[in-house]
Amino acid sequence: AQSVSQHNHHVILSEAASLELGCNYSYGGTVNLFWYVQYPGQHLQLLLKYFSGDPLVKGIKGFEAEFIKSKFSFNLRKPSVQWSDTAEYFCAVNAAAAGNKLTFGGGTRVLVKP
Amino acid sequence: EAGVTQFPSHSVIEKGQTVTLRCDPISGHDNLYWYRRVMGKEIKFLLHFVKESKQDESGMPNNRFLAERTGGTYSTLKVQPAELEDSGVYFCASSQLLVGEQYFGPGTRLTVT
């Protein structure tokens with residue numbers, strides 16, 4: 001069975017600080033990897049995804065993530081956060097062999113102080 | 001293009017009552033998923049429809065939960081009878097491709113008292 005682990009439950013940082021959120025997954029086969037974000041009062045929306053190719057993936061709003069297959073990791077980064085990045089971030093994986101359902105990590109609440 | 005919509009946005013019911021949640025996927029999306037987030041826990045998969053067929057219902061907690069997607073358009077998730085542990089946020093998502101981005105609705109917050 002797939003599982004996803006996000007290292008931090010809560011992160012507090014100041015504007016302009018760099019952000020890195022850890023994500024590790026457990027699955028032996030080929031996976032697709034996602035980061036979703038839920039801003040206060042809004043829907044879950046996709047930040048970025050990795051299916052294949054370049055392991056460094058760029059998403060919306062200046063976010064990027066790096067897939068390191070040997071470490072089963074897909075960490076999310078942003079060099080300089082803004083107050084508007086305050087949200088909950090979810091790492092997720094799916095696999096065609098496992099029916100394409102998304103398996104989510106527990107989420108990380110990020111608070112950016114102005 | 002309209003997004004995934006869910007109704008109601010909130011529902012408060014008593015233990016033992018019945019509640020029906022509705023999800024309208026993005027038009028043309030054959031794949032429809034239900035997920036649930038119980039407070040303090042991760043978002044968990046419930047089931048997956050491809051058109052009107054249940055492709056995977058391995059995440060359904062028990063037989064008090066019944067999902068339908070008649071005609072392959074909107075879907076309903078009925079909980080009967082509701083128990084306290086059913087409280088949480090129920091998300092619906094849809095996708096055009098079997099392997100592709102899933103678009104989420106705003107969720108229905110269910111509170112069972």
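Throughout, protein chains are lettered first and strands after them, A, B, ... in sequence-line order, and every chain is numbered starting at 1.
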For A:Leu102 and B:Tyr35, which heavy atoms make the closest approach, and how far apart are they?
N-OH, 3.0 Å
When clusters are formed by joining ILVMFWY residues with side-chain heavy atoms under 4.5 Å apart, either directly or through shared neighbours, do A:Trp35 and A:Phe104 land in the same one?
no
Are there more than 12 heavy atoms of other residues, nucleotides or ligands under 6.0 Å from atom OH of A:Tyr27?
yes
Applying a strict under-4.5 Å side-chain criterion to I, L, V, M, F, W and Y, I'd like to know whether A:Val93 and A:Tyr89 cluster together.
yes
Same cluster for A:Val37 and A:Val110 if Ile/Leu/Val/Met/Phe/Trp/Tyr side chains link at under 4.5 Å?
yes
Minimum heavy-atom separation for A:Gly106 and B:Arg37, please, with both atom names.
O-NH2, 3.1 Å
Chain A contact via B:Ser58 - side chain, backbone, both or neither, heavy atoms under 4.5 Å
side chain
Note, B:Phe45 side chain near A:Gln2 side chain (heavy atom, < 4.5 Å):
no
Quick check: closest heavy atoms across A:His43 and B:Val4, and the distance to 0.1 Å?
CE1-O, 4.0 Å
A:Tyr36 side chain vs B:Phe104 backbone, donor-acceptor pair below 3.5 Å
no
Point-to-point distance, once rounded to the nearest 0.5 Å, from CZ of A:Phe90 to CD of B:Glu42:
10.5 Å
Give a yes or no on this: more than 12 heavy atoms of other residues, nucleotides or ligands lie within 6.0 Å of atom CZ of A:Arg109.
no
Say whether B:Phe7 and B:Val79 are linked into one hydrophobic cluster, either directly or through other cluster members, by side-chain heavy-atom distances under 4.5 angstrom.
no
Let me know if A:Lys101 has heavy atoms under 4.5 Å from chain B in its side chain, its backbone, both or neither.
both
Please report the closest heavy-atom contact between A:Asn94 and B:Gln102, naming both atoms and the distance.
ND2-NE2, 4.4 Å
Enclosure of B:Glu83 CD (heavy-atom neighbours >12, cutoff 6.0 Å)
yes
Side chain, backbone, both or neither: which part of A:Gln42 has a non-hydrogen atom closer than 4.5 Å to chain B?
neither
Is the count of non-hydrogen atoms from other residues, nucleotides or ligands lying under 6.0 Å from B:Lys54 atom NZ greater than 12?
yes
When heavy-atom pairs shorter than 4.5 Å are enumerated against chain B, which of A:Val4, A:Asn100, A:Asn32 gives the highest number?
A:Asn100
